[in-house]
Amino acid sequence: MECYFCKQNSREIDFKNVKLIKKFVTGLGKIRSRKASGLCLFHQRRVANAIKRARNLGLLSPTSKS
Ligand SMILES: [Zn+2]
C-alpha cells in the first residue's frame, strides 16, 4: 500500500483537517498503526502529531464512540 500523503505530495498535515486525520484514528480513538494506515514512517509521525494537537485543542475527542 502506498502512503496516502506521499501520494498527495503533501509533507505537512493540517491538524485542523479533522475529517482527514480521523481516517487515521481507530473507532476507539487510537492512532492507527503503520501497518493499518499504510503510511510511511515520516508521515506516520506527522499524523500522530496532528492527532495529538487536534486532541489538545479539542478538535478531536480523546475517545470517539460515534
Ligand atoms: Zn509518506
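Since the structure is predicted, the reported quantities are computational estimates derived from the model, not experimental observations. Indexing begins at 1, ligand by ligand and atom by atom, following the structure's order.
Using a distance-only test at 3.5 Å, with no hydrogens or angles considered, no donor-acceptor pair links the side chain of His43 to the main chain of Gly38.
Annotation: side chain of Leu20 is not in contact with side chain of Asp14 (no heavy-atom distance under 4.5 Å). Counting only heavy atoms from C-beta outward, the side chains of Leu39 and Tyr4 approach each other to under 4.5 Å.
For the salt bridge (Lys or Arg N to Asp or Glu O under 4.0 Å) test, no residue two or more places apart in sequence or in another chain qualifies with Arg32.
Between Ile21 atom CD1 and Lys16 atom NZ the span is 11.0 Å, to the nearest 0.5 Å. Annotation: the span from Ile31 atom CD1 to Lys52 atom NZ amounts to 5.5 Å, rounded to 0.5 Å.
The number of protein N/O/S atoms found under 2.8 Å from the Zn ion (ligand 1) is 4.
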